[in-house]
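Have a look at the structure below, then the notes.
This chain uses plain numbering: 1 for the first residue, then up along the sequence.
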Amino acid sequence: MQPTWAPTTTPSSTPGGFNVTEAYGELNLPLISNMPFVQDLELSLAMRAFKYSTFGSDSTYKVGARYAPVRDLVLRGTYSTAFRAPNIGELFASGLSDSYDFVPTGDPCANGDSVAGNCGTAASNGDTALQFLTKKGANPNLKPETAKIFTLGAIIEPRWVPNLSLTFDYYVIDLTKTVTYQGAGVILQGCYASGIASDCARIHRDADNLIIRIDDALSNAGGSKTAGLDMAARYNLQTGVAGQFTFVVDGTLLQYYRLTQADGTVISGKSNYDLGILPAFKGNAGVIWGMEGFGAGLSGRYIGSFKECESLVCSSDPVGARQVKSYLTADAYVSYNFKSSAGKTGLSVGMQNLLDTQPPPIYTAANYSADPSAYGYAGRFYYARVTQSF
């Protein structure tokens, strides 16, 4: 017997899928070795061809080179293209979700300003709303995101400093046709300021010409471009009587991070909380000691400072700007490993967040004045661990 609460009809799911055929090839070519001023020279080539039933055929490729003029120095570089196909959810997810997008300028037609010519009967409607119901959902007509990537780096291992390794890698990543929501503000401006018919069709008004809904399905709109320098250092120090020390340093210098919106507006994320936590510098450092089964380690993590603004977009409107302070936390542990007839046993005790560092408040963040994407929120705590392998 059917329960009284059961629906009288079975809801249908949203069907969707795609087929893909791919071919991939890679070639490494050692060109020259053990010659004056050419210790090693290699060329690498790669290519991928693909065909998707949803958006057709295309290809990507990579060209790379590795050159060591002497044993102590290696220079390397690559240029490549890439893509990301829309996933099943982005293409075929059922239903629409409700959002209430904030548009600081409100309805462009509200006061009969310079865009009134595109507003028709909606001109001077007097709407004072700054948030609008926006329907967001999938789009089966999406195209893939595409990218161009350039890297240039160096590895330095000087013979006069044994066990030292330094690496530097400069990168530029240019992402286009980003799969994203345009946002109510962009759609309103596209219709009434630029006269884009497809944007106008997304805006729905009631009998009084007030906006009741804006349709904002996923689309390939805008892109982003970023560049920076990744650095790493490793040094192993063998002391004999005092054991071995390993020093590790990793860091990233951000040159820029720019997001281009669907209307062409560019938002600069470096050192601003406009696009998340993107400080000019962040890094990790640590030292590990080991001797006859005993071990210890100390590591630290640093995130540089950045600005946040009351206007939410520091790069173009730094109203109420404040500096979010830098963040430094540290962890430590000691351990002992030994072998017995039962196998290999490991004992360790440690302390996380040694300095009991609290994340700096970010008042414009969505998660209760905090951003867990970069910071840890547990205070100082201790742990003990026993491992056994047979």
Side-chain angles (χ1 to χ4, degrees), residues 72-74 76 153-171 228-254 276-306 324-360 362 370-390:
D72 314 80
L73 174 65
V74 175
R76 58 188 179 185
I155 304 172
I156 304 172
E157 296 179 330
R159 281 169 285 181
W160 58 91
V161 186
N163 302 317
L164 173 65
S165 174
L166 305 172
T167 63
F168 303 89
D169 287 286
Y170 178 76
Y171 62 86
L229 179 66
D230 289 336
M231 303 167 290
R234 302 287 186 274
Y235 180 54
N236 292 320
L237 177 62
Q238 297 279 0
T239 66
V241 294
Q244 175 179 297
F245 293 85
T246 300
F247 300 89
V248 179
V249 178
D250 296 299
T252 296
L253 282 170
L254 181 63
I277 297 175
L278 296 168
F281 176 77
K282 60 182 179 181
N284 304 315
V287 56
I288 301 170
W289 169 78
M291 181 179 177
E292 297 180 352
F294 291 94
L298 176 66
S299 62
R301 184 164 67 98
Y302 174 82
I303 300 175
S305 63
F306 52 89
V324 178
K325 66 179 182 179
S326 58
Y327 173 82
L328 176 64
T329 186
D331 304 325
Y333 75 91
V334 294
S335 65
Y336 178 62
N337 296 293
F338 62 93
K339 293 182 178 179
S340 66
S341 58
K344 185 176 180 180
T345 304
L347 308 173
S348 62
V349 294
M351 183 186 302
Q352 298 276 45
N353 197 354
L354 181 68
L355 305 176
D356 198 23
T357 304
Q358 300 302 310
I362 306 174
D371 193 328
S373 66
Y375 303 119
Y377 285 86
R380 182 189 299 119
F381 68 93
Y382 308 87
Y383 68 88
R385 181 182 296 125
V386 178
T387 60
Q388 180 68 43
S389 57
F390 302 95

Identify the two heavy atoms, one from [X] and one from [Y], that lie closest to each other, and give their separation to 0.1 Å.
| X | Y | result |
| --- | --- | --- |
| A154 | L73 | CB-CD1, 4.3 Å |
| L254 | P279 | CB-O, 3.7 Å |
| S348 | S335 | CB-CB, 3.8 Å |
| I303 | A374 | CD1-O, 3.6 Å |

Looking at side-chain heavy atoms only, is the closest gap between [X] and [Y] below 4.5 Å?
| X | Y | result |
| --- | --- | --- |
| Y333 | I288 | yes |
| E157 | S165 | yes |
| W289 | T239 | no |
| S299 | N284 | no |
| T329 | L355 | no |
| F338 | L347 | yes |
| L237 | Y235 | yes |

Legend entry - Within 6.0 angstrom of R385 CZ, more than 12 heavy atoms from elsewhere: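 Open: at most 12 neighbouring heavy atoms sit under 6.0 Å from CZ of R385.
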Inset, instruction - Step through the shown structure and confirm whether more than 12 heavy atoms of other residues, nucleotides or ligands are within 6.0 Å of CD on Q388. - result: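 Enclosed.
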Inset, instruction - Could you tell me whether R76 and D169 have a side-chain N and a carboxylate O separated by less than 4.0 Å? - result: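 Yes, R76 and D169 are salt-bridged.
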Legend entry - Note: D250-R234 ion pair, threshold 4.0 Å (strictly below):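 Counted as a salt bridge, because a side-chain N and a carboxylate O are separated by less than 4.0 Å.
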Gap separating the [atom1] atom of [X] from the [atom2] atom of [Y], nearest 0.5 angstrom:
| X | Y | atom1 | atom2 | answer |
| --- | --- | --- | --- | --- |
| T252 | Y171 | OG1 | OH | 6.0 Å |
| D72 | L166 | CG | CG | 11.5 Å |
| Y327 | K282 | OH | NZ | 13.0 Å |
| L164 | I156 | CG | CD1 | 9.0 Å |
| Q358 | R380 | CD | CZ | 9.5 Å |
| T167 | I155 | OG1 | CD1 | 7.0 Å |

Inset, instruction - Would you please classify the geometry between the Y375 ring and the Y377 ring as parallel, tilted or perpendicular, with 30° and 60° separating the classes? - result: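 If you compare the ring of Y377 with that of Y375, the planes turn out perpendicular.
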Legend entry - Trace of the side chain to side chain contact (heavy atoms under 4.5 Å, CB included) decision for V324 with I277: CA-CA 10 Å; V324 178; I277 297 175; over 6 Å; no
Inset, instruction - Assess the pair F381 and Y383: is the distance between their ring centroids shorter than 6.0 Å? - result: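 F381 vs Y383: aromatic centres not under 6.0 Å.
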